[in-house]
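What you see is a predicted model; the values in this text were computed from it and never measured.
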Amino acid sequence: MTKIQDVNDVVDAISEPPRATRGTGRRLHGAVAHKLGTAILSGKYTPGDTLSGEVEFSAMLDVSRTAYREAIQVLTAKGLVESRPKIGTRILPRSRWNLLDPDVLAWSFAGEPDIALIRSLFELRAIVEPAAAALAAQRRERSDLKIMKDALAAMRRHTLATEAGRAADREFHDAVLTATRNDALIVLSASIGAAVAWTTQFKQRARALPRNPIPDHALVYDAIASGDANGASTAMRTLVDLALEDTKLAMAG
């Protein structure tokens with residue numbers, strides 16, 4: 001275990017000018033949490049590292065000690081750190097991190113994402129989403145189909161190269177999980193949606209998407225709308241597999 005002795009190391013690790021976080025209330029401690037979380041997820045801090053004290057940290061960033069403490073509480077809730085009296089704030093092992101938390105996913109993709117994390121996200125989607133699509137085909141209601149159809153229309157109108165198009169993509173996948181009427185699966189909707197959004201954005205960070213994935217979504221919708229559970233599962237599995245192939249091409253590029 002190492003200790004970050006020099007407060008300048010902290011500032012360098014978050015790679016932004018100290019006064020960039022100036023603000024008030026929730027926005028301020030959220031900004032500090034974002035910066036520190038990004039530094040942890042990028043590997044600039046490693047599990048076992050102990051951060052310098054709140055007095056030094058808050059002074060260098062020109063924020064209040066309250067804002068710093070609230071930011072640490074955010075990171076603690078997400079399993080990234082723990083704070084103990086007379087010991088300080090320590091980075092926890094990666095196995096403790098809530099990697100499916102939407103904020104943690106955002107911090108992961110703020111820099112160069114861990115390839116192992118990208119692979120694990122697609123493995124999760126390959127396990128969850130085809131089964132969810134099959135259930136959705138059996139349990140969907142008209143309201144679910146309308147949300148999916150509207151999301152598809154928005155994806156076609158805006159394309160996945162825009163934030164509006166990616167938001168519609170999230171809505172589509174969220175609607176599929178909601179249509180399962182399975183509370184345990186619905187709880188995953190925010191995480192699945194965030195994984196979809198960030199991997200899509202990652203794929204086109206340097207160039208346009210290598211393939212238009214919207215027709216793949218349309219096939220999923222058609223199967224769910226027709227009540228074809230097997231077809232919905234197969235279409236969703238194909239969608240996820242092709243998305244993984246697109247991501248591999250983006251990484252290779």
Side-chain angles (χ1 to χ4, degrees), residues 1-121 124 163 166 187-188 190-191 193-195 197-202 205-206 251:
M1 179 178 72
T2 61
K3 182 172 182 178
I4 301 176
Q5 299 283 2
D6 188 348
V7 179
N8 287 323
D9 290 343
V10 178
V11 177
D12 290 342
I14 60 179
S15 302
E16 289 191 19
R19 294 185 180 271
T21 62
R22 203 174 249 298
T24 59
R26 183 174 180 179
R27 188 165 129 194
L28 178 56
H29 83 250
V32 176
H34 172 82
K35 291 177 180 178
L36 192 52
T38 299
I40 294 171
L41 269 296
S42 70
K44 291 178 180 177
Y45 300 155
T46 59
D49 285 350
T50 301
L51 303 183
S52 53
E54 67 180 54
V55 175
E56 297 94 335
F57 191 95
S58 57
M60 284 299 294
L61 289 185
D62 193 19
V63 299
S64 69
R65 293 171 63 181
T66 298
Y68 172 77
R69 285 194 297 268
E70 290 176 345
I72 292 299
Q73 289 174 2
V74 171
L75 299 181
T76 299
K78 299 178 188 300
L80 299 182
V81 303
E82 68 174 0
S83 296
R84 293 184 179 180
K86 299 182 180 180
I87 295 179
T89 299
R90 182 173 63 91
I91 311 300
L92 289 174
R94 186 181 178 88
S95 61
R96 299 276 298 276
W97 299 357
N98 185 358
L99 292 173
L100 292 182
D101 182 278
D103 288 335
V104 176
L105 283 172
W107 298 338
S108 299
F109 283 87
E112 186 69 20
D114 183 358
I115 301 305
L117 173 62
I118 292 177
R119 183 177 63 250
S120 66
L121 290 175
L124 173 69
E163 178 54 39
R166 290 190 293 271
V187 167
L188 290 174
S191 299
W198 285 111
T199 51
T200 299
Q201 187 168 326
F202 172 76
R205 59 182 181 162
M251 289 189 292

- Give, for atom NE2 of His34 and atom CG of Leu36, the distance between the pair rounded to the nearest 0.5 Å. 11.0 Å

- How are the rings of Phe109 and Trp198 set to each other: parallel, tilted or perpendicular (split at 30° and 60°)? parallel

- Can you measure from CG (Leu105) to CG (Leu117) and round to the nearest 0.5 angstrom? 6.5 Å

- Message: Can you tell me how far apart CG (Leu80) and CG (Leu99) are? Round to the nearest 0.5 Å.
- Response: 8.0 Å

- Rounded distance (nearest 0.5 Å) linking atom CD of Glu56 with atom CZ of Arg65: 9.5 Å

- Item | Residue pair Leu121 / Ala195: nearest heavy atoms and the distance that separates them | CD2-CB, 4.2 Å

- Task: Indicate the atoms forming the closest heavy-atom contact of Leu92 with Pro47, along with that distance.
- Result: O-CB, 3.5 Å

- Task: Using the side chain to side chain contact (heavy atoms under 4.5 Å, CB included) rule, take Leu51 and Ile91 through it: C-alpha gap first, then chi angles, then the decisive distance, then the call.
- Result: CA-CA 8 Å; Leu51 303 183; Ile91 311 300; 4.2 Å; yes

- Query: For the atom pair CD1 (Ile40) and NZ (Lys78), what is the distance rounded to the nearest 0.5 Å?
  - Reply: 12.0 Å

- Query: Taking all atoms of both residues into account, what is the closest heavy-atom pair of Ser83 and Ile72, and its distance?
  - Reply: OG-CG2, 3.4 Å

- Task: Using a 4.5 Å cut-off on heavy atoms from C-beta on, say whether the side chain of Val81 contacts that of Tyr45.
- Result: no

- Are Glu70 and Val74 side-chain neighbours, meaning at least one heavy-atom pair lies under 4.5 Å? no

- Query: Mind checking what makes salt bridge (charged side-chain N to carboxylate O under 4.0 Å, His left out) contact with Arg119, not counting sequence neighbours?
  - Reply: none

- Item | Leu124 side chain near Leu100 side chain, heavy-atom distance below 4.5 Å | yes

- Measuring from Thr200:OG1 to Arg166:CZ, what's the distance to the nearest 0.5 Å? 8.0 Å

